[in-house]
Amino acid sequence: MDSRGDGDPQLDAFAVDVRDLLDRNVANLYSHLVTRPTGRAVRIAIEAQLGELDLPALSLVDLSSVSILDFSCADEVVAKLLLARRDRVRPHRDVFFVFTGVKLHHREPILEVLARHELTAVAGGEGMGGAFELLGAAAPRQVEVWTRVERLGRVPAPRVEEVFPELRERRTVEELVDRGLIFRHPLRGDLHALRTLLKETA
Amino acid sequence: MKVIEVPETLDYRSGDRLVEALDGVESEQRCLLSARHLRWIDPVGMITLLGVGRELKRRTGVAALFQAPESGQVSGYLGRMGFYQPAGEVMDFEAPRRRGGAGDSDVLLELTRIGENHDVHAVVERVQERAGAILSRTLRYPPSAVIQFAVILSEVCQNVLEHAEAPGWVAAQSYNWSRRLGRHVLILAVGDLGRGFRGSLASRHSGRFGERWSDATALEAAFIHGLTRFPDQGRGQGIQQMRKQVRRWDGVISVRSGTARIADVPDWEDLPPLEQDLPMFPGAQITILLPERLPEDG
């Protein structure tokens, strides 16, 4: 953990340019994220880097250099990273993932693997107008609560009840925190949109 | 010596006629695979021909003798498609002399061996350079189709690596089916002589089918229901996604394995959706036909 004050989000952050990982860990020849072994190699490299971090951590997975993403790779890189959060004994249970540089043609494989595993990801990229969105399995009430946090960027703990006056909304907040789609400051209880953490931890 | 005549037309509809000839082949029997009268061959036919050659070698223990087509046009085309190199690994023959200069090839994807992960990367890389013009100008697909086609290609080749446990081949080319369909069609073929869908799925899924377990039920399990031998929920998407994309392009996708073939067939084609009791051919052969878009398709 770094030396930021407790008013700052306590997150260790690192950015992963998937192309860099691909180049370094698989082969310099490959410019496409295709085939399951390639995806597996990329994911293992990301997980190895995550192992170096203090938790909780924010992981930025940048797909902007990936020209082709097939379904097998999307499953290995996107779905399996998120699935590991469900495993309460694995170290990256407390890692928050943001996928950036998502191009229009990445969306179909990503949406498909997220739907298959009933997962949700925070993503930004082409066709999203510079904004971030929830991709994958999310109920309308989850999207609505997430969008409110996203719009505000940060909800200080004392204002949570004001912003989410209904109990069912606050329960939804809990679900989103548990699924790693919103970050809650472990000491102050403030809610943070992952988008804002990208800037704050840059 | 047993003489096996290659039909005059060897394509995605007629390959079974050649496979039938494997039935009577005996151990240590020298065979002549005569393609003298071959007049027309597509990527499916080429992969069938290679597969039959390799299967003859496996069954007899002796490489078959291959007689190249008399037609210079057909023989030259086989050369441009890179047929003779892999053919030389499974059959004995004197390679026909090359006619004309090397020149630029109009081939979309030459016959390429798929044996390892990096072969798939190489194929995707190569086809991307060439597919753009064919998909956009010839088939009139939108520019994004190049990437979707590359994804299909990647998934179909991975099927060989993940399930066959044996190397395979892939090839693709576009044709002008002016008389038959009045449109251009892209043909993509992938084939292997591995353990096939029945063999791949048996340990995990055969029990629930009991006596009904067969090549056809194994194909239905994988093709229709997306089952695989892996317990991982993320597996089995490849074929489902290929089917979805091919359907969007109004194309055909068929998978032949063992003694059965299953297919998604649009209105313009009359292949049956499921065929059983076909002549036994090991491994799996996947065929994709993508037709040119018509102006009314928008």
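Naming: A, B, ... by sequence-line order, numbering from 1 per chain.
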Ignoring hydrogens and angles, tell me if any N or O in the side chain of Gln158(B) forms a donor-acceptor pair with the backbone of Arg36(A) under 3.5 Å.
-> yes
What residues of residues 103-122 of chain A sit under 4.5 Å from chain B when you count only heavy atoms?
-> His105(A), Glu108(A), Glu112(A), Val113(A), Arg116(A), His117(A)
In Å and rounded to the nearest 0.5 Å, what is the CD to SG distance from Glu155(B) to Cys73(A)?
-> 9.0 Å
Okay, Leu69(A) and chain B: the region with an atom under 4.5 Å from a heavy atom over there is backbone
CZ of Arg248(B): more than 12 outside heavy atoms within 6.0 angstrom?
-> yes
Would you name the heavy atoms of Ser154(B) and Thr35(A) that are closest together and state the gap between them?
-> OG-N, 4.0 Å
Output all residues satisfying side-chain contact (heavy atoms from CB on, under 4.5 Å) with Pro156(A), sequence neighbours left out; order by chain, then residue number.
-> Pro158(A), Arg159(A), Asp190(A)
Can you name the residues that form a ring pair (Phe, Tyr, Trp, His ring centres under 6.0 Å) with Phe223(B), not counting sequence neighbours?
-> none
Tell me, side chain or backbone of Gln245(B) under 4.5 Å from chain A's heavy atoms, or both, or neither?
-> side chain
Inspect the surroundings of CD in Glu126(A) and state if more than 12 heavy atoms from other residues, nucleotides or ligands are less than 6.0 Å away.
-> yes
Within a radius of less than 6.0 Å around CZ of Arg204(B), do more than 12 heavy atoms belonging to other residues, nucleotides or ligands occur?
-> yes
Would you please go through residues 132-139 of chain A and name the residues with a non-hydrogen atom below 4.5 Å from one of chain B, in numerical order?
-> none
Walk me through it: do Val151(B) and Ile68(A) pass the test side chain to side chain contact (heavy atoms under 4.5 Å, CB included)?
-> CA-CA 7 Å; Val151(B) 169; Ile68(A) 298 178; 3.7 Å; yes
Greatest number of heavy atom pairs closer than 4.5 Å to chain B - which of Ser72(A), Ala74(A), Ala79(A) = Ser72(A)
What distance separates Gln237(B) CD from Phe71(A) CZ, expressed to the nearest 0.5 Å?
-> 7.5 Å
Counting heavy atoms not belonging to Glu174(A), are there more than 12 under 6.0 Å from its CD?
-> yes
Would you say the side-chain atoms of His121(B) pair up with the backbone N or O of Val34(A), donor to acceptor, closer than 3.5 Å?
-> yes
